[in-house]
Novice: 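This is the structure I want to talk about, given as structure tokens.
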Amino acid sequence: MRILFISLVFVSLLVAGAYGQANDWVNGKWNGSNYQIELSVKGNEVTGQGQVKQGSKVSARPAITGTVDGDTLNLDFYFPSTSNHVPVVLVWDGKTLTKKSGKIAASTFNKAE
């Protein structure tokens, strides 16, 4: 009975660890045309911040929240200066995030090195 309990605990820890690592691709900085976003994921919850650039100047700094589901990010870009929420859906192909929907200028994001 004791061995069964220890085995179940071990398997649970392995599954929890693998689940957390499955979404690690989200973490980090992503560059798009006129946009830079920095994202962090815990479980399937995403938080972050962004910068919208016009030339060399930053014109807006949206707060980003959302979720990750497999290869899809469902995000909300909140622009405090205008109190606007912009829902954005991005899909990851293993290399690039591509905008599926949302009214932001960037259509793709590449992971910053």
Side-chain angles (χ1 to χ4, degrees):
M1 185 69 155
R2 185 177 214 185
I3 292 174
L4 177 62
F5 176 74
I6 292 170
S7 297
L8 288 174
V9 169
F10 182 71
V11 169
S12 296
L13 291 172
L14 285 176
V15 170
Y19 177 74
Q21 292 174 357
N23 294 328
D24 281 352
W25 62 267
V26 175
N27 292 321
K29 290 183 181 180
W30 296 84
N31 295 318
S33 59
N34 300 332
Y35 271 82
Q36 182 180 59
I37 58 176
E38 186 167 357
L39 303 175
S40 177
V41 65
K42 289 184 183 174
N44 72 334
E45 298 295 317
V46 178
T47 58
Q49 57 188 351
Q51 290 184 346
V52 181
K53 295 184 178 183
Q54 289 183 332
S56 62
K57 297 185 184 219
V58 175
S59 62
R61 297 180 188 274
I64 302 169
T65 57
T67 59
V68 58
D69 181 16
D71 63 355
T72 302
L73 292 174
N74 296 291
L75 303 175
D76 178 72
F77 284 57
Y78 173 67
F79 294 85
S81 60
T82 60
S83 297
N84 285 336
H85 287 270
V86 178
V88 176
V89 177
L90 301 171
V91 177
W92 184 56
D93 67 4
K95 182 179 176 185
T96 302
L97 285 171
T98 302
K99 180 176 66 174
K100 185 175 177 183
S101 66
K103 294 183 178 182
I104 60 171
S107 59
T108 61
F109 291 88
N110 293 302
K111 191 87 174 244
E113 296 297 324

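Sequence positions, counted from 1, serve as the residue numbers for this chain. The model shown is predicted, which means the values in this text are computed figures rather than measured ones.
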Novice: Test W30 against L90 for side-chain contact (heavy atoms from CB on, under 4.5 Å), laying out the working first.
Specialist: CA-CA 12 Å; W30 296 84; L90 301 171; over 6 Å; no
Novice: By ring-ring contact (aromatic ring centres under 6.0 Å, His included), which residues pair with Y78, not counting sequence neighbours?
Specialist: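 For Y78, the residues satisfying ring-ring contact (aromatic ring centres under 6.0 Å, His included) (neighbours in sequence not counted) are H85.
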Novice: Taking all non-hydrogen atoms of both residues, which atom of N23 and which atom of V41 are closest, and how far apart?
Specialist: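 Heavy-atom minimum between the residues: O-CG1, 3.2 Å.
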Novice: Please examine the side chains of L97 and W25, heavy atoms only from C-beta on, and report whether any two atoms are closer than 4.5 Å.
Specialist: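 The answer is yes, as the side chains (C-beta and beyond) meet within the 4.5 Å cut-off.
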Novice: For residues 55-75, run the donor-acceptor check on the side chains, cut-off 3.5 Å, and write out each pair with its distance to 0.1 Å, sequence neighbours left out.
Specialist:
residue, atom, partner, partner atom, Å
S59, OG, V52, O, 3.2

Novice: List for me each residue that meets side chain to side chain contact (heavy atoms under 4.5 Å, CB included) alongside T47, sequence neighbours excluded, and say none if there are none.
Specialist: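 Testing T47 for side chain to side chain contact (heavy atoms under 4.5 Å, CB included), a comparison that skips the adjacent residues, returns S40.
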Novice: How would you list, by chain and number, every residue that makes a side-chain hydrogen bond (donor to acceptor under 3.5 Å, both in side chains) with T82, sequence neighbours excluded?
Specialist: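 Applying side-chain hydrogen bond (donor to acceptor under 3.5 Å, both in side chains) to T82 gives N84.
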Novice: Extract all donor-acceptor atom pairs below 3.5 Å that involve side chains of residues 99-109 and protein atoms in other chains or at least two apart in sequence.
Specialist:
residue, atom, partner, partner atom, Å
K99, NZ, G102, O, 3.4
K99, NZ, I104, O, 2.6

Novice: To the nearest 0.5 angstrom, please state how far the CD atom of Q49 sits from the CD atom of E38.
Specialist: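 It is 6.0 Å, given to the nearest 0.5 Å.
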Novice: Measuring from atom NZ of K111 to atom CG of N31, what distance do you get when rounded to the nearest 0.5 angstrom?
Specialist: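 Output value for this atom pair is 11.0 Å.
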Novice: By side-chain hydrogen bond (donor to acceptor under 3.5 Å, both in side chains), which residues pair with N110, not counting sequence neighbours?
Specialist: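 In terms of side-chain hydrogen bond (donor to acceptor under 3.5 Å, both in side chains), with neighbours along the sequence ignored, N110 is linked to T96.
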Novice: Among all residues two or more places apart in sequence or in another chain, which pass the side chain to side chain contact (heavy atoms under 4.5 Å, CB included) test with N34?
Specialist: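 Here no residue qualifies.
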